[in-house]
Amino acid sequence: MPELPDVEGFRDRLSATLPGRRIDAVEVRDSGVLRNASARALNRALSGHRFEEPRRHGKWLLLPAEGPTLLVHSGMTGRPYYTSAADGDRHDRVVITLDRGELHYTDQRKLRGIWLVDSQEDIDDLLRDQGPDALGLDRHAFTEILRRHRGALKPTLMDQSVVAGLGNLLVDEICWRARLNPKVHVGELGDSDVRRLHRAVTSVLRTAVRHGCVPGLRRWLTRVRDDTDPSCPRCGTRLRRGRVGGRSTVWCSQCQPG
DNA sequence: GCAATTGTTGGGAG
DNA sequence: GCTCCCAACAATTG
């Protein structure tokens with residue numbers, strides 16, 4: 001689930017609760033989510049520290065704590081959340097007890113997880129291959145980035161080293177909005193195509209961030225993509241399903257020819 | 001039992 | 001070097 005809008009929602013909610021909270025204890029219930037540190041190292045590095053303002057880059061969430069920083073990548077099913085009560089989730093893997101409330105990381109599938117780093121250099125290292133964040137990317141920068149690539153549109157937009165934050169649902173929604181076939185090659189796009197694409201990225205992201213997910217709104221592809229026999233919310237044509245770049249893809253052969 | 005799943009990585013082919 | 005495909009990671013659902 002987590003793409004840029006979801007992670008931005010995590011960041012926004014944690015921003016309202018986490019800064020200033022002191023870490024009292026780190027309880028690791030499933031070390032399968034720890035990617036580069038032991039539970040003991042986590043405890044030692046974080047205990048007594050206070051969380052600062054959370055940040056985000058693409059699908060990465062950064063939780064700095066006066067020196068050490070937790071980097072969270074939620075994979076497909078992860079979600080960090082603050083709770084003031086002692087409630088939780090079935091798949092809570094890490095529970096950090098704070099001086100007030102708790103920070104939980106729940107993750108059913110554990111495809112990614114949590115990294116602990118202790119310097120800006122280590123952060124840069126982990127995020128080295130990330131392209132610029134998709135949110136707030138202006139048209140000039142977007143065009144310049146796109147012009148460096150030749151492959152199919154959808155895999156290019158989903159490549160986190162090209163642009164950081166776009167996932168499967170978002171990219172389908174963006175291509176549909178821009179009336180571009182997900183299989184079209186980036187090199188074939190004209191200036192007006194790129195302009196339309198940038199507008200679609202911006203507007204879809206802005207709305208999705210407001211909702212904290214890719215919303216199934218009235219005139220959105222996401223609303224119908226999981227229907228048994230979905231039709232285009234714009235023109236009514238039966239939607240096509242297939243795989244593009246190895247991912248399940250939905251598009252409208254009428255609105256997105258090619 | 002088999003396929004599929006909203007993410008990422010590494011290996012290998014062309 | 002670039003692009004694409006596959007398998008793997010893991011857990012659950014249809």
Side-chain angles (χ1 to χ4, degrees), chain A residues 1-10 28-36 56-61 71-80 89-94 105-115 125-131 133-135 145-177 181-189 201 204-205 207-209 211-217 220-230 239 241-251:
Chain A
M1 195 185 339
E3 305 181 61
L4 188 154
D6 309 83
V7 182
E8 178 60 17
F10 302 158
V28 177
R29 297 184 181 170
D30 186 335
S31 58
V33 298
L34 303 186
R35 315 309 295 205
N36 74 338
R56 180 192 59 76
H57 186 89
K59 301 171 187 174
W60 285 90
L61 181 68
L71 274 81
V72 181
H73 191 300
S74 295
M76 291 225 270
T77 52
R79 178 173 58 95
D89 183 272
R90 189 147 80 93
H91 299 292
D92 280 340
R93 309 301 187 182
V94 175
Y105 179 68
T106 181
D107 194 343
Q108 181 201 108
R109 283 171 63 183
K110 303 180 284 185
L111 284 175
R112 306 296 286 150
I114 296 174
W115 284 252
D125 218 46
L126 264 179
L127 303 186
R128 186 204 313 272
D129 292 334
Q130 295 284 302
D133 194 79
L135 192 62
I145 288 161
L146 221 54
R147 291 299 184 214
R148 288 191 223 126
H149 297 273
R150 306 271 124 202
L153 178 57
K154 173 161 179 174
T156 303
L157 290 177
M158 282 188 66
D159 186 339
Q160 301 301 297
S161 71
V162 177
V163 175
L166 306 181
N168 199 36
L169 262 59
L170 269 174
V171 168
D172 277 5
E173 192 69 51
I174 287 163
C175 290
W176 178 78
R177 177 80 65 101
N181 191 284
K183 282 183 267 202
V184 75
H185 280 237
V186 170
E188 316 274 298
L189 298 178
V201 169
V204 167
L205 268 184
T207 303
V209 163
H211 286 258
C213 63
V214 189
L217 296 173
W220 281 51
L221 185 70
T222 301
R223 181 188 179 97
V224 301
R225 65 175 291 147
D226 292 327
D227 292 356
T228 326
D229 192 10
L239 292 173
R241 274 190 221 280
R243 296 190 83 76
V244 180
R247 311 304 304 277
S248 70
T249 302
V250 178
W251 73 97

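Sequence lines set the chain letters: A, B, ... in the order given, protein chains first and strands last, and positions in each chain run from 1. Note that the coordinates shown come from a computational prediction; the quantities given were computed from them, not determined experimentally.
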Next item on the list: For B:dT5, take OP1 and OP2 only and decide whether either is under 4.0 Å from a side-chain N or O of A:S248.
Entry: yes
With sequence neighbours left out, what residues match [X] under side chain to side chain donor-acceptor pair (under 3.5 Å)?
X: A:R225; value: A:D172
X: A:R241; value: none
X: A:N36; value: none
X: A:E173; value: A:T222

Check: Listed by chain and number, what are the side-chain contact (heavy atoms from CB on, under 4.5 Å) partners of A:D30, not counting sequence neighbours?
Finding: A:R93, A:K110
Item checked: Partner set under side-chain contact (heavy atoms from CB on, under 4.5 Å) for A:R109, not counting sequence neighbours -> A:M76, A:T77, A:L111
Next item on the list: Check the pair A:R56, A:D133 against salt bridge (charged side-chain N to carboxylate O under 4.0 Å, His left out), reporting the backbone distance first and the verdict last.
Entry: CA-CA 9 Å; A:R56 180 192 59 76; A:D133 194 79; 2.7 Å; yes
Notebook entry, point to check: First contact, last contact: which nucleotides of DNA chain C are these for chain A, 5' to 3', heavy-atom distance under 4.0 Å?
Noted result: C:dT3 to C:dT12
Next item on the list: For DNA chain C, list all stems, counting runs of three or more consecutive pairs where every pair is Watson-Crick or G-U wobble with both distances under 3.5 Å.
Entry: B:2-5 with C:11-14, B:7-14 with C:2-9
Notebook entry, point to check: Judged by modelled atom types alone, do A:N168 and A:K154 share a side-chain donor-acceptor pair under 3.5 Å?
Noted result: yes
Notebook entry, point to check: Residues two or more places apart in sequence or in another chain: which of them pass salt bridge (charged side-chain N to carboxylate O under 4.0 Å, His left out) with A:R128?
Noted result: A:D125
Notebook entry, point to check: By salt bridge (charged side-chain N to carboxylate O under 4.0 Å, His left out), which residues pair with A:D92, not counting sequence neighbours?
Noted result: none
In whole Å, what separates the [atom1] atom of [N] from that of [M]?
N: B:dT8; M: C:dG1; atom1: P; value: 23 Å
N: C:dA7; M: B:dC2; atom1: P; value: 15 Å
N: B:dT6; M: C:dT3; atom1: P; value: 23 Å

Item checked: Distance in angstrom units between A:R247 CZ and B:dT5 P, rounded -> 8 Å
Next item on the list: Produce a footprint string for nucleotides 9-14 of chain B: one letter per nucleotide, 5' end first; B if the base is under 4.0 Å from any protein heavy atom, S if only the sugar-phosphate is, - if neither.
Entry: S-----
Next item on the list: For DNA chain C, find the residues of residues 148-158 of chain A with a heavy-atom distance under 4.0 Å and give them by number; none if there aren't any.
Entry: A:H149, A:R150, A:G151, A:A152
